Amino acid sequence: MQHESLVLIQQCALLSPDAPGHLLPEQDILLQGNRIKAVGASGTLKYNPLLVEKVIEGKNRLAIPGLINAHTHSLENMLKATSPSLPLELWLIPLFGSSITWTPRLAYLSAMLGALEMLKSGTTAVLDHLWTVSGVTGCYLDAVMQAYHDIGIRAAVAPSIEDRDMVLEHGAACGIDFPHHPFVSRFQEWPAIDAQLETVEQFLEMWHNRDQGRLRCLVGPSGIHWCSETLLQRCLDLATAYQTEMHLHAVETEVQAQVIHKELGEGGIAYLEKQGVLKPGTSLAHAIWLDPGDLERLARTGATLVHNPVSNLRLGSGHFPFSQALDMGVTIALGCDGAASNDNQNMFDVLKLTGLMHNFPHLDYKQWPAASSILHTATCGGATAIGLSGDIGTIEAGKLADIVLLDLSQTSFLPFRDAYLHLVYCENGSAVDTVLVNGTIVIERGNATRIDEQALCDEIREHCQGSWASFSASLDSVGNTREMLTKIDTLRRFVLHRDKHDEHSFSSEIS
């Protein structure tokens with residue numbers, strides 16, 4: 001009888017709510033294959049030492065479940081630091097007017113870059129809401145999934161699919177004549193929606209649950225205001241047929257919320273519930289502009305809300321009621337969002353900001369989020385978002401072995417007091433020493449084990465050399481981009497009923 005080899009993490013510390021400093025020292029973790037076989041005090045686990053393939057020294061290391069980035073866009077890893085802080089509706093225009101010439105290889109490199117940054121800062125799983133400049137196209141989907149396969153991260157990829165833009169439709173109905181621009185003409189230039197849906201299904205057939213389940217495919221309608229009712233239902237049918245999850249944007253900005261009300265006659269969350277989309281296995285990114293009763297809907301239906309505090313602030317989108325949602329039983333995960341609106345893929349930044357931005361003076365301080373609750377959203381909450389709530393998010397026997405070892409001698413833990421507080425408010429990823437995904441070491445002593453980091457960085461630099469001058473100059477790289485920005489700015493002000501003298505004009509801000 002053939003036995004799977006074992007890996008032993010020896011003498012590490014574990015998080016413990018009841019221990020001094022919330023730290024339980026001198027623990028062993030025994031791995032068999034891609035799962036945790038046993039956890040217990042050092043020297044107490046029973047196993048055949050002849051089957052131990054590797055011993056990982058855990059002394060002076062804290063083992064935590066890997067963090068989960070439950071919302072990002074991998075192509076944006078090439079777009080970090082490209083834009084000033086702008087409202088989402090304006091920020092989107094240059095994104096589609098970028099002078100970057102996208103190829104499947106560049107998409108591969110972009111996904112690889114983000115995955116490397118995540119793994120080296122303690123994130124072991126990602127939900128990639130993958131948009132491309134050419135709609136849903138198989139070569140791009142395959143390239144991104146191949147990158148995740150190669151580097152060893154756990155990935156759930158939801159190809160972003162859309163067939164309308166309610167904001168543009170509302171603008172046209174209000175008499176705004178939009179110029180020719182890739183953002184306006186994208187639906188005419190992309191493959192027909194039937195062809196895109198067929199590509200999504202082929203993607204599911206090829207990649208779903210590959211690599212011992214490390215790679216998963218989700219269905220990813222772009223968002224409420226970017227999808228017709230028909231497309232939303234077809235996505236729901238596809239997710240049901242393949243027994244997988246759905247992921248979409250929801251009421252991220254006040255403009256979106258207002259337009260959705262005007263176009264659909266009800267709020268976005270209520271609309272999703274009526275369409276049967278709100279349910280366990282559905283995750284919503286942002287959901288900031290909520291109507292009365294929406295938190296109850298989210299809690300009642302079992303949908304997951306993915307909170308993205310960095311991009312929400314970077315784009316001035318608003319504040320999700322994090323503490324209230326937790327109190328009401330809403331399942332919450334955390335996400336970085338894409339690097340074009342976050343500028344990195346470091347989940348420790350997300351943890352800290354979540355711990356700071358919800359400490360409102362009008363809210364009883366006893367309701368401010370606790371560090372342990374914040375970490376729970378970035379582990380167990382993220383596990384629910386990617387459909388693995390019973391398999392990852394904690395370190396215990398039977399769970400998949402997605403584990404991060406942090407060096408407790410690093411300054412972020414010196415002097416040591418409370419493990420949860422150190423993780424949320426002090427650590428920035430620099431203490432990450434070893435990372436295992438699915439039982440395999442993918443980061444060892446801070447370095448990637450499955451790829452050549454230097455070669456990757458060199459190739460990215462070669463691709464991007466000389467391709468960026470400045471934000472202002474980039475607006476002239478694609479015709480009518482400045483005019484589009486002015487038109488969208490006018491529409492925003494109209495929708496939000498702002499007086500045109502309340503703020504400087506957009507043209508003066510970008511000049």
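Atom set for the values below is all heavy atoms of this structure, side chains included, hydrogens, waters and symmetry mates excluded. Here the structure is a predicted model, which is why all the values come from computation and not from measurement.
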### Query
Within the distance-only criterion (no hydrogens, no angle test), does the side chain of Arg450 pair as donor or acceptor with the backbone N or O of His149 below 3.5 angstrom?
yes

### Query
Between the side chains of Gln146 and Asp142, is a donor N or O closer than 3.5 angstrom to an acceptor N or O?
no

### Task
Please tell me if the side chains of Glu117 and Lys80 come closer than 4.5 Å, counting only heavy atoms from C-beta onward.
yes

### Task
Output the distance between atom CZ (Arg61) and atom CD1 (Ile9), rounded to the nearest 0.5 Å.
12.0 Å

### Task
With rounding to the nearest 0.5 Å, note down the distance linking CG in Asp150 to CD1 in Ile451.
9.0 Å

### Message
For Asn428 versus Asn346, what's the shortest heavy-atom pair and its separation?
### Response
O-ND2, 2.8 Å

#### Entry: Flag side-chain contact, heavy atom, 4.5 Å: Leu95 against Leu92
yes

### Task
Find the distance between CH2 (Trp207) and SG (Cys217) and round it off to the nearest 0.5 Å.
8.5 Å

### Message
With a 3.5 Å distance limit and no angle check, can you tell me whether Arg214 reaches the backbone of Asn438 through a side-chain donor-acceptor pair?
### Response
no

#### Entry: Check against side chain to side chain contact (heavy atoms under 4.5 Å, CB included), His71 and His129
CA-CA 7 Å; His71 180 66; His129 200 187; 3.9 Å; yes

### Query
Is the shortest heavy-atom distance from the side chain of Pro94 to the side chain of Leu475 under 4.5 Å?
yes

#### Entry: Residues Thr331 and Thr304: side-chain donor-acceptor under 3.5 angstrom
no

### Query
Got a donor-acceptor contact below 3.5 angstrom from the Asn312 side chain to the Ser317 backbone?
no

### Query
Taking it one step at a time, do Leu248 and Leu284 satisfy side chain to side chain contact (heavy atoms under 4.5 Å, CB included)?
CA-CA 5 Å; Leu248 66 158; Leu284 309 178; 3.5 Å; yes

### Query
Could you walk me through whether Thr354 and Thr377 pass the side chain to side chain contact (heavy atoms under 4.5 Å, CB included) check?
CA-CA 10 Å; Thr354 302; Thr377 62; 5.6 Å; no

### Message
Checking Thr72 against Asp128: is there a side-chain donor and acceptor pair closer than 3.5 Å?
### Response
no

#### Entry: Salt-bridge criterion met for Lys37 and Glu4 (N-O under 4.0 Å)
no

## Note on the structure
When His358, His286, His307 are each screened for ring-ring contact (aromatic ring centres under 6.0 Å, His included) with Phe320, the one that passes is His307

### Task
Looking only at non-hydrogen atoms, find the nearest pair between Thr434 and Arg445 and report the distance.
OG1-N, 4.1 Å

### Query
Taking atom CD of Gln10 and atom CD of Glu26, what is their separation to the nearest 0.5 Å?
9.5 Å

### Nearest heavy-atom neighbours spanning Trp91 and Ser83
CD1-OG, 3.6 Å

### Message
Tell me whether Thr132 contacts the main-chain N or O of Ser134 through its side chain, where contact means a donor paired with an acceptor under 3.5 Å.
### Response
yes

### Query
Under the 3.5 angstrom rule, does the side chain of Trp131 hit a backbone N or O of Leu75 as a donor-acceptor pair?
no

#### Entry: Euclidean distance, Cys426 SG relative to Phe416 CZ, rounded to 0.5 Å
10.0 Å

### Task
Using the side chain to side chain contact (heavy atoms under 4.5 Å, CB included) rule, take Ile29 and Leu14 through it: C-alpha gap first, then chi angles, then the decisive distance, then the call.
CA-CA 10 Å; Ile29 306 172; Leu14 293 173; 3.9 Å; yes

### Query
Just by distance, with hydrogens left out, do Gln367 and Asp364 show a side-chain donor and acceptor under 3.5 Å apart?
no

### Query
Hey, are the side chains of Arg154 and Leu400 touching, using non-hydrogen atoms and a 4.5 Å cut-off?
yes

### NZ/NE/NH1/NH2 to OD/OE distance under 4.0 Å, Arg314 and Asp337
no

### Task
Mind telling me whether Phe360 and His362 have parallel, tilted or perpendicular rings, with 30° and 60° as the class edges?
parallel

### Message
Checking side-chain contact (heavy atoms from CB on, under 4.5 Å) between Asp402 and each of Asn34, Thr379, Leu436, Val437, which is the one that passes?
### Response
Val437

### Task
State, with a plain yes or no, whether a side-chain heavy atom of Leu67 is found less than 4.5 Å away from one of Val350.
no

### Message
Pairing donors with acceptors under 3.5 angstrom, does anything connect the side chains of Thr123 and Gln345?
### Response
no

### Worked verdict on His247 versus His249 for ring-ring contact (aromatic ring centres under 6.0 Å, His included)
CA-CA 7 Å; His247 182 73; His249 294 88; 7.0 Å; no

## Note on the structure
To the nearest 0.5 Å, atom NE2 of His463 lies from atom CZ of Arg105 at 6.5 Å

### Query
Which heavy-atom pair separates Ile441 from Thr449 by the least distance, and what is that distance?
O-OG1, 2.8 Å

### Task
Please report the shortest heavy-atom distance between Leu405 and Ala63, naming the atom on each side.
CD2-CB, 3.4 Å

### Task
Could you tell me whether the side chain of Asp28 and the main chain of Gln11 form a donor-acceptor pair under 3.5 Å?
yes

### Task
Please report the shortest heavy-atom distance between Leu218 and Pro159, naming the atom on each side.
O-CD, 3.3 Å

### Query
Distance-only, no hydrogens or angles: does the Asn342 side chain make a donor-acceptor pair with backbone N or O of Cys336 under 3.5 Å?
yes

### Any donor-acceptor N/O pair, Glu57 side chain to Lys59 backbone, under 3.5 Å
yes

### Query
Is there a donor-acceptor pair closer than 3.5 Å between any side-chain N or O of Ser110 and the backbone N or O of Leu106?
no

### Query
Do Cys380 and Thr394 come within less than 4.5 Å of each other through their side chains, counting heavy atoms only?
yes

### Query
Hey, does Tyr148 have a side-chain heavy atom less than 4.5 Å from the side chain of Val157?
yes

### Task
Inspect the surroundings of NZ in Lys399 and state if more than 12 heavy atoms from other residues, nucleotides or ligands are less than 6.0 Å away.
yes

### Query
Does the Tyr47 side chain pair with the main chain of Ala38, one donor and one acceptor, at a distance under 3.5 Å?
no

### Query
Are Leu423 and Leu62 side-chain neighbours, meaning at least one heavy-atom pair lies under 4.5 Å?
yes

